[in-house]
Amino acid sequence: MKIPFIALLAGALTVTTPVIAKADSVAAWVYNVEPTPLRFAVRCVTGNTAWHQLQVGAGQYQGVYADNWNAYCDSSYEASFGTNQSDGSVTQQFARLTSGHVYVLVNTRTVGYTVHDGQAMIVVVNASSRQLPLNIFCSGVANTRLPVAPNARSWMFTGNPPACSPYVGSVIEVDGQLAQLPTTPMPNGYIYTLTWNDDAHSWHMRSVRLGTGAEGF
């Protein structure tokens, strides 16, 4: 039986000129793919303005609004995250949030909690009660096993530029049986939600661009 593949069109991370955010507009989105609510602080870099404490729930997203400072912010924003190191200590990880970008909050092995630009990410949501074993690979690049627990989220950082373009993926059931998933382009900057259809013995996938507010994340 032929293993179905997903063609992943890994988009390059684009660098743009910072946007002047209006006071009533969202300057940047921050998505939390982790299973616990996480707190972070944000400030406007210009003038080293005051920190604002924010929280984003598990599987939720939070907008950083320019009106947090009651003024225009003509530069990028700086975010601070508690890393929650394995030895019990809590240090701060800082990241620059450029206006107009979407960021994904993740827990890494090296620095703890931090953010990656959504344009350098593959984000997968398993919207079923069935384990999702997803393999992502391409020629010359080591295979990445991306298991997604039932009703959970996972991610892969592709880098900028990505190490391979396009990535391809396959879904193989835990018992070794093949599960159909139509060959589908998966450019970066989207959330891909997979739902299992037991009657058809197949996965259905839909995609929505990060930052639209309609992800069903």
Side-chain angles (χ1 to χ4, degrees), residues 3-11 26 28-40 54-64 81-84 86 102-109 112-137 143-158 167-217:
I3 299 176
F5 291 104
I6 312 166
L8 301 181
L9 302 180
V26 175
W29 290 102
V30 177
Y31 285 71
N32 179 9
V33 300
E34 300 302 326
T36 57
L38 296 172
R39 295 181 180 275
F40 64 101
L54 301 173
Q55 176 172 298
V56 58
Q60 302 294 320
Y61 49 92
Q62 172 70 52
V64 175
F81 303 89
T83 59
N84 297 329
S86 59
V102 177
Y103 295 88
V104 182
L105 177 55
V106 297
N107 190 5
T108 68
R109 295 179 180 178
Y113 292 110
T114 188
V115 292
H116 291 311
D117 194 302
Q119 289 299 319
M121 300 287 289
I122 294 172
V123 180
V124 179
V125 177
N126 182 358
S128 72
S129 58
R130 188 185 190 91
Q131 177 79 14
L132 170 61
L134 181 63
N135 295 316
I136 300 176
F137 56 95
N143 292 4
T144 297
R145 178 80 167 181
L146 193 66
V148 191
N151 300 304
R153 299 154 298 277
S154 192
W155 57 277
M156 175 180 170
F157 179 71
T158 63
Y167 284 91
V168 295
S170 63
V171 177
I172 303 178
E173 292 302 287
V174 177
D175 59 6
Q177 296 181 357
L178 303 182
Q180 294 182 357
L181 179 64
T183 300
T184 309
M186 294 180 68
N188 290 2
Y190 288 78
I191 292 177
Y192 297 95
T193 302
L194 283 85
T195 306
W196 173 256
N197 186 317
D198 197 47
D199 292 334
H201 195 70
S202 64
W203 291 92
H204 170 73
M205 184 176 68
R206 65 182 178 86
S207 61
V208 179
R209 182 180 293 276
L210 284 159
T212 64
E215 291 82 351
F217 190 59

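We use all heavy atoms of the structure for the numbers below, so side chains are in, but hydrogens, waters and symmetry mates are not. Note that the structure is a prediction, hence the values are computed from the model and not measured. Throughout, numbering of the chain's residues begins at 1 and tracks the sequence.
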Carefully, step by step, assess Leu132 and Trp203 under the rule side chain to side chain contact (heavy atoms under 4.5 Å, CB included).
-> CA-CA 9 Å; Leu132 170 61; Trp203 291 92; 3.7 Å; yes

Set of side chain to side chain donor-acceptor pair (under 3.5 Å) partners for Tyr190, sequence neighbours left out = Arg209

Going through the checks in order, is the side chain to side chain contact (heavy atoms under 4.5 Å, CB included) test met by Glu34 and Val106?
-> CA-CA 6 Å; Glu34 300 302 326; Val106 297; 4.0 Å; yes

Given Tyr192 and Arg206, is the side chain to side chain contact (heavy atoms under 4.5 Å, CB included) satisfied, shown in steps?
-> CA-CA 6 Å; Tyr192 297 95; Arg206 65 182 178 86; over 6 Å; no

Can you tell if the side chain of Phe81 reaches within under 4.5 Å of the side chain of Leu105, non-hydrogen atoms only?
-> yes

Side-chain heavy atoms of Gln62 within contact of Trp29, under 4.5 Å = no

Between CG of Asn107 and CG of Leu38, what distance do you get to the nearest 0.5 Å?
-> 8.0 Å

Counting distance only, does the side-chain N/O of Gln55 pair as donor-acceptor with the main-chain N or O of Phe40 below 3.5 Å?
-> no

Please list, chain by chain and in numerical order, all residues satisfying side chain to side chain contact (heavy atoms under 4.5 Å, CB included) with Asp198, sequence neighbours excluded.
-> Arg130, Trp196

Distance in Å, Leu134 CG paired with Met156 CE, rounded so as to fall on 0.5 Å steps = 9.5 Å

Nearest non-hydrogen partners of Arg153 and Ala58, listed with the distance | NH2-C, 4.0 Å

Nearest heavy atoms of Ser154 and Val148, plus distance in Å | CB-CG2, 3.7 Å

Give a yes or no on whether the backbone of Ala149 and the side-chain of Asn126 come within a donor-acceptor separation of less than 3.5 Å.
-> yes

Worked verdict on Tyr61 versus Tyr31 for ring pair (Phe, Tyr, Trp, His ring centres under 6.0 Å) = CA-CA 4 Å; Tyr61 49 92; Tyr31 285 71; 4.8 Å; yes

Side-chain (Asn32) to main-chain (Gly57) donor-acceptor, under 3.5 angstrom | yes

Heavy-atom distance under 4.5 Å between the side chains of Arg145 and Pro147, does that happen here?
-> yes

Can any side-chain N or O of Asn197 pair as donor or acceptor with the backbone N or O of Ala200 at less than 3.5 Å?
-> yes

For the residue pair Thr114 and Thr108, establish whether any side-chain heavy-atom pair is separated by less than 4.5 Å.
-> yes

Could you list the residues that satisfy ring-ring contact (aromatic ring centres under 6.0 Å, His included) with Tyr103, not counting sequence neighbours?
-> none

Qualifying residue for side-chain contact (heavy atoms from CB on, under 4.5 Å) with Val124, from Thr193, Ile191, Leu194 | Leu194

Taking all heavy atoms of Val104 and all of Gly118, pick out the closest pair and write down the distance.
-> CG2-CA, 4.1 Å

